[in-house]
Amino acid sequence: MTDFSVRPYAADDAAAVAELINLLSEAGGGHAGHVAAEIEDCVDNEVRDAALDTRVVTDGAGRLVAVALVPLPPEGGDRLELIGGVHPDRRGAGLGRELLAWQLERAAARHAELAPDAPWQAQVIAGDGDPSPTRLYERFGFTPSRYFLEMSAPTSEAPAVSPPPGVELAPYDAARDHELHAVHTAAFRDLWGYQERTFDAWAPLTVRSEAFLPELSRFALAGDEIAGYVLAYSSETPGRIYIGQVGTAVSWRRKGVAGALLAGVLGDAGRAGHTTAGLDTDADNPTGAAGVYAKVGFVVDQRVVAFRRPV
């Protein structure tokens, strides 16, 4: 990498990495929503050894122009979600090819070390508005495996949606985090690509994250049971929040719980001064999530493609 400096990720790189990931998201037609806390959560909790499994590239002016992270699957999981990319104005110098090759080498080394008898898959994503990453991934043998939708809604147009009979909306309660984790795991277990995490692995990425907004997160309660939940997070885009998890207990699906929760969170976010909320969903989610989101005002901003290949 002539004219560039390569080194492992350092703790003070988080903001610059988030900024770069946001530029790549915008290049694909998405929004600049990622915050430094997300990068910190990933490196602190999913990367085994930052010295071995991360790389950042800076140019002659010291600007971070490329990044490559190799997070591990959760215990018992089989998918490595590789994170990385090259600044749009630095493409064409071979950085992307070298970094992706390095990521795959590190993934293979970790696989041989930790789970040689289990089939692992490497996954990368690209917005369909940016063909450059797609060409790179296909060159390395990745093939499209799933499509996701990035959606957003204005908080000013939040509809009034009542929860179903027997359900009431309530503020998030940290005392119920273990119960929330159990409901979340059961709700997502049968969905494509979901990898279960223990509570200790799940909490730092969600309810213990610095990006988490407990004041804008909500439960739907049926008596003393958590029937559904929405967990909200801060976003780099001014006035925007990110809804990271929307879940409904299996026994309460298709009864209007998620719609009522989302409408309530949109209204609360608007009253708190936020103008927009964003979320992601599997385009082929069998629960019909995209349709639920559309009913409360969410529209599709871009389609994201997930590519996979064996490690």
* To do: Could you tell me whether Asp280 and Arg146 have a side-chain N and a carboxylate O separated by less than 4.0 Å?
  =>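 Answer for the salt bridge query: no.
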
* About how many Å separate NE2 of His31 and CD of Gln302, when rounded to the nearest 0.5 Å? ->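 So the CD of Gln302 and the NE2 of His31 are separated by 8.0 Å.
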
* Asked: Going from CG on Leu221 to CG on Leu169, what distance comes out if it is rounded to the nearest 0.5 angstrom?
  ->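 Here the interatomic distance stands at 8.5 Å.
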
Looking only at heavy atoms, which two atoms of [X] and [Y] are closest? And how far apart?
X      : Y      : answer
Met151 : Ala294 : CE-N, 4.4 Å
Val167 : Ala220 : CG1-CB, 3.8 Å
Ser152 : Asp301 : OG-OD2, 2.8 Å
Arg197 : Pro74  : CG-CB, 3.5 Å
Ser217 : Ala232 : OG-N, 2.9 Å
Pro154 : Gly297 : CD-O, 4.0 Å

May I ask you to test the [X]-[Y] pair for a side-chain heavy-atom distance under 4.5 Å?
X      : Y      : result
Glu210 : Val35  : no
Val57  : Leu99  : yes
Cys42  : Ile83  : yes
Thr155 : Thr276 : no
Arg90  : Arg63  : yes
Val56  : Pro8   : no
Asp41  : Asp44  : no
Arg139 : Arg97  : yes

* Residue pairs, two or more places apart or on separate chains, that pass salt bridge (charged side-chain N to carboxylate O under 4.0 Å, His left out) and touch residues 107-133 ->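 Listed once each, the pairs are Arg48-Glu113, Asp53-Arg110, Arg91-Asp130, Arg110-Glu113, Asp128-Arg303.
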
* To do: Return each pair, listed once, that meets salt bridge (charged side-chain N to carboxylate O under 4.0 Å, His left out) where at least one residue sits in residues 69-84; pairs must be two or more places apart or across chains.
  =>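 Found Arg79-Glu81.
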
List the residues meeting side chain to side chain donor-acceptor pair (under 3.5 Å) with [X], not counting sequence neighbours, and say none if there are none.
X      : value
Arg271 : Asp268
Tyr233 : Gln245
Arg7   : Asp13
His34  : Glu38

* Transitive ILVMFWY cluster of Val124, excluding itself - 4.5 Å side-chain cut-off ->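 In the cluster with Val124 are Val70, Leu72, Leu80, Leu82, Leu100, Trp102, Leu104, Leu114, Trp120, Leu136, Tyr137, Phe140, Phe142, Tyr147, Val305, Phe307, Val311.
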
Can a donor-acceptor pair be found, under 3.5 Å and without considering hydrogens, that links the side chain of [X] to the backbone of [Y]?
X      : Y      : value
Ser25  : Ile21  : no
Thr54  : Tyr9   : yes
His87  : Asp89  : yes
Arg253 : Ala187 : yes
Ser235 : Ile241 : no
Thr237 : Arg240 : no
Thr248 : Gly228 : no

* May I have the step-by-step check of side chain to side chain contact (heavy atoms under 4.5 Å, CB included) for Thr58 and Phe4, ending in yes or no? => CA-CA 6 Å; Thr58 56; Phe4 298 103; over 6 Å; no

* What residue pairs, at least two apart or across chains, pass ring pair (Phe, Tyr, Trp, His ring centres under 6.0 Å) with a residue in residues 163-184? ->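 The answer is Tyr172-Phe212, Tyr172-Phe219, His178-Phe199, His181-Phe199, His181-Trp202, His184-Phe188, His184-Tyr194, His184-Trp202, His184-Tyr229.
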
* To do: For residues 238-274, pull every pair meeting ring pair (Phe, Tyr, Trp, His ring centres under 6.0 Å), keeping only residues two or more places apart or in separate chains.
  =>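 Output for this query is empty, none listed.
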
* To do: Test side chain to side chain contact (heavy atoms under 4.5 Å, CB included) on Leu69 and Val43 and set out the steps.
  => CA-CA 8 Å; Leu69 310 178; Val43 175; 4.3 Å; yes

* Qualifying residues under salt bridge (Lys or Arg N to Asp or Glu O under 4.0 Å), relative to Glu26, sequence neighbours excluded ->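 Checked Glu26 against salt bridge (Lys or Arg N to Asp or Glu O under 4.0 Å); zero matches.
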
* Name all residues meeting the salt bridge (Lys or Arg N to Asp or Glu O under 4.0 Å) criterion together with Asp224; count only those two or more places apart in sequence or in a different chain, and write none if there are none. =>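 Asp224 satisfies salt bridge (Lys or Arg N to Asp or Glu O under 4.0 Å) with Arg176 only.
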
Does a sphere of radius 6.0 Å around [atom1] in [X] hold more than 12 heavy atoms from other residues, nucleotides or ligands, not counting ones at 6.0 Å or beyond?
X      : atom1 : value
Glu19  : CD    : no
Leu23  : CG    : yes
Glu179 : CD    : yes

According to a hydrophobic-cluster definition based on side-chain heavy atoms being under 4.5 Å apart (Ile, Leu, Val, Met, Phe, Trp, Tyr only), do [X] and [Y] belong together?
X      : Y      : value
Ile125 : Leu205 : no
Val17  : Leu52  : no
Leu95  : Leu20  : no
Val292 : Val299 : no
Val300 : Ile243 : yes

* Distance-only polar pair, side chains of Arg308 and Gln121, donor-acceptor under 3.5 Å ->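 Looking only at side-chain atoms, Gln121 and Arg308 do not form any donor-acceptor pair under 3.5 Å.
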
* Please lay out, stage by stage, how Val230 and Leu216 fare under the test side chain to side chain contact (heavy atoms under 4.5 Å, CB included). => CA-CA 9 Å; Val230 167; Leu216 290 177; over 6 Å; no

Return all side-chain donor-acceptor pairs below 3.5 angstrom for residues 255-267, not counting sequence neighbours, or 'none' if the list is empty.
| from | atom 1 | to | atom 2 | distance (Å) |
| --- | --- | --- | --- | --- |
| Lys255 | NZ | Ser251 | O | 3.2 |

* **Thr281 and Phe148: CA distance, side-chain angles, deciding distance, side chain to side chain contact (heavy atoms under 4.5 Å, CB included) verdict** => CA-CA 6 Å; Thr281 187; Phe148 295 85; over 6 Å; no

